[in-house]
Amino acid sequence: QVQLVESGGGLVQAGGSLRLSCAASGLSFSTYTMGWFRQTPGKEREFVAFISWRGGSTSYADSVKGRFTISRDNAKNTVYLQMNSLKPEDTAVYYCGAGTRSLQIRTQDYDYWGQGTQVTVSS
């Protein structure tokens with residue numbers, strides 16, 4: 001039974017920060033690339049960031065580059081998304097995913113998904 005559980009979402013003012021966490025169970029966490037995606041109503045789930053098995057390779061969407069940082073702690077089976085300088089446009093449900101490929105910017109590249117955590121940025 002594979003489970004990914006996101007947490008850390010909430011309401012924050014523009015310019016503020018949030019740190020999202022995704023705790024994984026039921027899989028060999030250290031062998032999976034982990035990613036963060038986000039989705040708003042009526043839109044496709046869009047890529048935010050991913051991080052490779054050992055954290056040596058990361059990638060970010062242009063819209064969040066320089067503001068968000070993805071990291072992982074394999075000993076804790078957890079991936080994080082530090083979000084700084086938040087904008088109202090960042091408002092979305094944020095999902096974490098796990099996949100076996102090393103480069104994963106598409107939703108179809110992921111094998112497992114969490115249920116999401118809501119992030120709301122007020123102006």
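For the single chain, residues carry numbers from 1 onward in sequence order.
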- prompt: Does the Thr33 side chain pair with the main chain of Arg101, one donor and one acceptor, at a distance under 3.5 Å?
  reply: yes
- prompt: Under 3.5 Å, side chain of Tyr110 to main-chain N/O of Thr100, donor-acceptor pair present?
  reply: no
field: Non-hydrogen side-chain atoms of Cys96 and Tyr112 separated by less than 4.5 Å
entry: no
- prompt: Does Ile70 share a hydrophobic cluster with Val64, counting links as ILVMFWY side-chain heavy atoms below 4.5 Å and allowing steps through other members?
  reply: yes
message: Using the ring-ring contact (aromatic ring centres under 6.0 Å, His included) definition, which of the options Trp113, Tyr95, Phe50 pairs with Phe37?
response: Trp113
query: Got a sec: does the CG of Leu27 have more than 12 other heavy atoms crowding it under 6.0 Å?
result: yes
statement: In terms of heavy-atom contacts, Ser123 and Pro88 come closest through CB-CG, 4.0 Å
field: Backbone of Gly99 reached by a side-chain donor or acceptor of Gln104 within 3.5 Å
entry: yes
- request: Report yes if some heavy atom in the side chain of Ser7 is under 4.5 Å from a heavy atom in the side chain of Thr117; otherwise report no.
  value: no
field: Intermediate values then yes/no, side-chain contact (heavy atoms from CB on, under 4.5 Å), Trp53 and Asn74
entry: CA-CA 8 Å; Trp53 291 3; Asn74 288 346; 5.8 Å; no
query: Hey, is the main chain of Tyr94 close enough, under 3.5 Å, to the side chain of Arg45 for a donor-acceptor pair?
result: no
- prompt: Any side-chain heavy atom of Val48 sitting closer than 4.5 Å to one from Phe68?
  reply: yes
- prompt: Within a strict 4.5 Å, meaning less than it, do heavy atoms of the Leu11 and Ser122 side chains meet?
  reply: yes
Non-hydrogen atoms of Gly26 and Val2 that approach each other most closely: O-CG2, 3.3 Å
- request: Could you give me the CA-CA distance, side-chain angles and deciding distance for Gln82 and Ser17, then say whether side-chain contact (heavy atoms from CB on, under 4.5 Å) is met?
  value: CA-CA 7 Å; Gln82 179 66 46; Ser17 298; 4.0 Å; yes
message: If the condition is side-chain contact (heavy atoms from CB on, under 4.5 Å), which residues does Glu46 pass it with, not counting sequence neighbours?
response: Arg38
- prompt: If you look at every heavy atom in Ile51 and Ser71, which pair is closest and at what distance?
  reply: CD1-CA, 3.7 Å
message: Tell me the closest heavy-atom pair linking Ser59 and Phe47, and the distance in Å.
response: O-CZ, 3.5 Å
- prompt: Below 4.0 angstrom, N of the basic side chain to O of the carboxylate: do Asp109 and Arg106 qualify?
  reply: yes
query: Which pair of non-hydrogen atoms, one from Asp62 and one from Lys65, has the smallest distance, and what is that distance?
result: OD1-NZ, 3.1 Å
- prompt: Taking side chain as C-beta onward, heavy atoms only, is Arg67 less than 4.5 Å from Asp90?
  reply: yes
query: Is there a path of hydrophobic side-chain contacts, each under 4.5 Å between heavy atoms of I, L, V, M, F, W or Y residues, that connects Val12 with Leu81?
result: yes
field: Donor-acceptor under 3.5 Å (Gln39 side chain, Glu44 main chain)
entry: no
task: Without swapping roles, check the side chain of Thr91 against the backbone of Thr120 for a donor-acceptor pair under 3.5 Å.
output: no
- prompt: Looking at side-chain heavy atoms only, is the closest gap between Leu20 and Val119 below 4.5 Å?
  reply: yes
query: Is any side-chain heavy atom of Phe29 closer than 4.5 Å to a side-chain heavy atom of Met34?
result: yes
Nearest heavy-atom neighbours spanning Ala24 and Leu4: CB-CD2, 3.4 Å
Tyr32 vs Val79 side-chain heavy atoms within contact, under 4.5 Å: no
- prompt: Under the side chain to side chain donor-acceptor pair (under 3.5 Å) criterion, do Asp73 and Thr78 qualify, and how do the steps go?
  reply: CA-CA 5 Å; Asp73 187 339; Thr78 302; over 6 Å; no
Inter-residue atom distance Ser30.OG - Arg72.CZ, 0.5 Å rounding: 7.5 Å
